[in-house]
Amino acid sequence: MVNKIVLSVFVTLILFFNLQAGDGRLDKKGEVQFFEAFKTCVEKVKTLKVSFSQKRHMAIFTETLDAGGKCFFKYPDKLRWEINKPYKSIMVYNGDSIAKFDFDDGVYRKMNSGNYDMLMEVLSQINAWMKGDFSKTGNTYDLTVFRNGEDFRIELLPKDKSMKKFLQSVELFARGKDYHITRVVIRENAEDFIEINFSGEKINTGFPDDFFNTEELKDSKE
Amino acid sequence: MKNIKALFAVTLMLAVCGCASHYVFEKSQILDDEVLLARCLNAVEKIHSSDCTMFHRVIIEVWGDEYDFNGALAVEKGKIRKGASYGDMGGKIFEFSSEDGMIIITGKPEGVPECALREGMLGDMDFLYAEHRYINSILVRQGVSHFDLVRYRTESDMDVYFFRDGLELPDMGLAVRDSKIVMAVKYSEYQEDAKRALCLPYKLDITNYSWHYKTRIRMFDIKHKE
């Protein structure tokens, strides 16, 4: 009986370590090569339209808060994040300014956002990642890259103690064949996290510049 | 985040020295209509669910600056049980739950004073969704086309509901504390739930006079306990 238990524990441990090996951490040289390849691939993307679905897991609720929409990116510094369901809201970033539009009573209305500085910081960070630029990320996060079969996972752990209180990690999942980000997981703790999955990307189809106008909303006909 | 701290600090100061209108009426305005009173009490019952989880989008406007978030709020047995709210891209803004009838705030922006949350937002939620005991309820004619259902929690604390003549559900609600109007809510986009004999408002526009902010709540889903 004891032998059986020892054997089953042993087998479990082997299986555990084999599974872990599938998500292997890249060494420093591998990381440098990864980011070079990543940047080379994403630099070819001049415009990107991609659908996303996000799922917010809440520690105190069993249900999730779900939302979906489209993300538009135009090189080098234009980003538009459109949430279409279950409500409508659009964030537009054009490098210099940012605007948020809320849909209510059948029309989009520009909000006077009180979180302007924070939104600028978040969207400029996302914009940099869209371009494959992780150069400034290292100042705020400890950055590690893992290979998982053909694909990669970039793990960002905040350096700052006060930031760690509300952010445990950010994980970016990149597809190996073209280094495009397919999934992002932002984790506050084990039970509080958000997953964003991207699909249906359209590359270099182009959008007009005023699509990223922060003064007046140009509606998405894409 | 610094902005939100500064705004709440200003709000806290203004709340301390702020003043609100009084809710007044004369005895001659009281309506003696038992049938209408019963209908109005029933209507107010219909706009509250005592066991559900609501999923909503919220925009709070404080001195012209707007803060938006999405969240969930659970009501159990007529009491606020728990709630959480998050930014568009996922960051947690507020979180609270109740233990033995006491609300414990487990998440809030660093600079937001707890009293602003408890007396402001949580007070609004309590008016909107929690069940209360009333010592008396009366009807008051307030104009040519509308009347109020006045429900007394105490002699000077009232929950007031505006009814337009001919409409079955209230247009507005007022929280009157110590005879002063501390909060007003405009109800619209009612959705009928015949199975549960409910008709819940999916659009709520709140003005909190005590804490000087406005809140727009847009429900996108309500799940009931089966």
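To find a chain, count down the sequence lines: A is the first, B the second, and so on, and within it residues start at 1. Nothing here was measured: the structure is a model prediction, and the numbers come from that model.
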Relative to chain B, which segment of [X] carries a heavy atom at a distance below 4.5 Å: side chain, backbone, both, or neither?
| X | result |
| --- | --- |
| A:Ile126 | side chain |
| A:Lys100 | side chain |
| A:Val184 | neither |

Around atom [atom1] of [X], are there more than 12 heavy atoms of other residues, nucleotides or ligands at under 6.0 Å?
| X | atom1 | value |
| --- | --- | --- |
| A:Glu121 | CD | no |
| A:Glu150 | CD | no |
| A:Lys131 | NZ | yes |

- Partner set under side chain to side chain donor-acceptor pair (under 3.5 Å) for B:Arg218, not counting sequence neighbours: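 Listed in chain order: A:Asp104, B:Asp205.
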- Under the side chain to side chain donor-acceptor pair (under 3.5 Å) test, which residues partner A:Glu155, sequence neighbours left out?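 Side chain to side chain donor-acceptor pair (under 3.5 Å) check on A:Glu155 returns A:Arg153.
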- Item | Residue pair A:Ile60 / B:Ala84: nearest heavy atoms and the distance that separates them |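 Shortest heavy-atom contact: CD1-CB, 4.2 Å.
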- Of the non-hydrogen atoms in B:Ala74 and A:Phe61, which two are nearest, and what is the gap between them?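 Shortest heavy-atom contact: CB-CE2, 3.8 Å.
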- Message: A:Ser89 vs B:Arg57, test: side chain to side chain contact (heavy atoms under 4.5 Å, CB included). Steps then yes/no.
- Response: CA-CA 10 Å; A:Ser89 163; B:Arg57 173 160 174 77; 3.7 Å; yes
What donor-acceptor contacts under 3.5 angstrom involve side-chain atoms of residues 187-194 of chain A, with partners at least two apart or in another chain?
residue	atom	partner	partner atom	Å
A:Glu188	OE2	A:Arg56	NH2	2.2
A:Glu188	OE2	B:Lys92	N	3.4
A:Asn189	OD1	A:Glu191	N	2.9
A:Asn189	OD1	A:Asp192	N	2.7
A:Asp192	OD1	A:Arg56	NH1	3.4
A:Asp192	OD1	A:Ala59	N	3.1
A:Asp192	OD1	B:Tyr86	OH	3.4
A:Asp192	OD2	B:Lys92	NZ	2.8

- Any residue of residues 41-55 of chain B which, by heavy atoms, sits under 4.5 Å from chain A: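 Those residues of residues 41-55 of chain B which have a heavy atom under 4.5 Å from chain A are B:Thr53, B:Phe55.
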- Between B:Thr106, B:Asp221, B:Ile59, B:Asp68, the one whose heavy-atom pairs under 4.5 Å with chain A are most numerous: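 The residue among B:Thr106, B:Asp221, B:Ile59, B:Asp68 with the greatest pair count is B:Asp68.
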- Atom pair OH (A:Tyr87) and CE (B:Met219), whose distance is rounded to the nearest 0.5 Å: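 Separation between the atoms: 15.0 Å.
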- Item | Rounded distance [0.5 Å steps], OG in B:Ser85 versus CG in A:Leu65 |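 Result: 9.5 Å between the selected atoms.
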- Within the side chain of A:Asn112, is there an N or O that forms a donor-acceptor pair under 3.5 Å with the backbone of B:Glu66?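 Between the backbone of B:Glu66 and the side chain of A:Asn112 there is no qualifying donor-acceptor contact (under 3.5 Å).
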- Which atoms of B:Glu61 come close to chain A, meaning under 4.5 Å heavy atom to heavy atom: side chain ones, backbone ones, both, or neither?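 Neither; nothing under 4.5 Å.
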- Message: If you define the side chain from C-beta out and look only at heavy atoms, does anything of A:Asp105 sit under 4.5 Å from B:Lys203?
- Response: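 In short, these two side chains touch, coming nearer than 4.5 Å.
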- Give a yes-or-no answer on whether the side chains of B:Tyr67 and A:Asn115 include a donor-acceptor pair shorter than 3.5 Å.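 Per modelled atom types, B:Tyr67 and A:Asn115 side chains form no pair under 3.5 Å.
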